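As the structure lists them, so they are numbered: ligands from 1, and atoms in each ligand from 1. Note that the structure is predicted; figures quoted are calculated from it, not measured.
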Amino acid sequence: MKRRNFIIKTGITGAALSATPSISSKPILKELHMNYKYPVAVATWNFQNATKMAGSMLEKGATALDSVEKGVMVEEANLKNITVGDGGAPDRDGNVTLDACIMSPDGNAGSVVYLKEIAHPVSVARKVMEETPHVMLAGEGALQFAIQQGFKKKNLLTEESEKAWQEWLEHKEYKPIINIENHDTIGMLCLDDNGDISGACTTSGLSYKINGRVGDSPIIGAGLFLDNEIGGAVGTGMGEAIMKSVGSFLIVELMRQGKSPQEACEEAVMRTVKAAPNYKDFQVAYVALNKEGEIGSYCIHKGFSYAKFYRGESTDNLSASYLDE
Ligand code: ASP
């Protein structure tokens, strides 16, 4: 029996729960989820180092929140990854602008958009969540806040990303290339030993986007959503399509209605496919994790994969099922 059912069946309402401090959700979750497979870490794409980092933390008893933050930071620091963090491709005017968000098991969320010169936007998002009454900070204000919080400014445009941008300027052709040009956002979900789930998503967004463009990745409900009673979902690919269907929120709600993570991801992708006659021109991919530790993933086009870690198993990369070649 899940906690939700327990609450319904015993007639304990949210108000009653909060008015009864002696009733804690933790022992119930622990007891009810005894047979589930914890801990789990799962991330979009072949980000095995990031997933290993999160997995090894979870194995040592770290919280899902700490593990998901440190996990995605591996890719934010990876200069070879041109779509996340330091070394991320700039917009068409040469600005590297980063988007990130994080969610904790209590449903709290933090996000930064259009953040420049800070290599770890996910950690700034966590500070927004923990140190402010807000959910999202943008642009100059987000940068100011980061500096106040002790983050150091850094030029994120590397020699390589500047050179690639200069080459792009020769043709200035803006055309997403499925699975290649601009889809390496890392979205990660972790389920810890307590059965608590957290998630994070971080990106430099679409390469050579219009200055000011923000995608789905830092938008709670679009690039990431979770509910600690149900599970979570993360998205990658064409952010505009993910935002229009509020994809990650949709997946969590579908799981709430009883769908498996796989079924929920499939339905979310199909929503986009039905709504967008040009779906053959872009990728949308999701990964979902439920509270039982089950993972599902689906995408429009072949080529998307996800990295997963379960206790006692080595980190693995799996191809997601897809609709179309
Ligand atoms: N979803 C990201 C965005 O639209 C891009 C990606 O997943 O690579 O900004």
Query raised in the report: Does Glu240 come within less than 4.0 Å of ligand 1, judged by its heavy atoms?
Result: no
Report summary line: Exactly one of Thr185, Ile186, Leu224 clears side-chain contact (heavy atoms from CB on, under 4.5 Å) with Ser217, and that residue is Thr185
Query - For Asp86, salt bridge (Lys or Arg N to Asp or Glu O under 4.0 Å) partners two or more places apart - result: Lys154
**Report entry** Numbered atoms of ligand 1 (with element) below 4.0 Å of Thr236, judged on heavy atoms
**Finding:** 6 (C), 7 (O), 8 (O)
Query - Cationic N near anionic O, under 4.0 Å, Asp66 to Arg126 - result: yes
Report task. Return the option from Ser217, Gly215, Gly237, Gly205 holding the heavy atom at the smallest distance from atom 5 (C) of ligand 1. Result -> Gly237
**Report entry** Arg256/Glu253 salt bridge by N-O under 4.0 Å criterion
**Finding:** yes
Report task. May I ask you to check whether Thr203 has an N/O atom sitting below 3.5 Å from an N/O atom of ligand 1? Result -> no
Requested in this report: Determine, using heavy atoms of Thr83 and all atoms of ligand 1, whether some pair is separated by less than 4.0 Å.
Outcome: no
Query raised in the report: So which bit of Arg213 gets within less than 4.0 Å of ligand 1, heavy atoms only: side chain, backbone, both or neither?
Result: side chain
Query raised in the report: So does Glu240 pair up with Lys244, basic N to acidic O under 4.0 Å?
Result: no
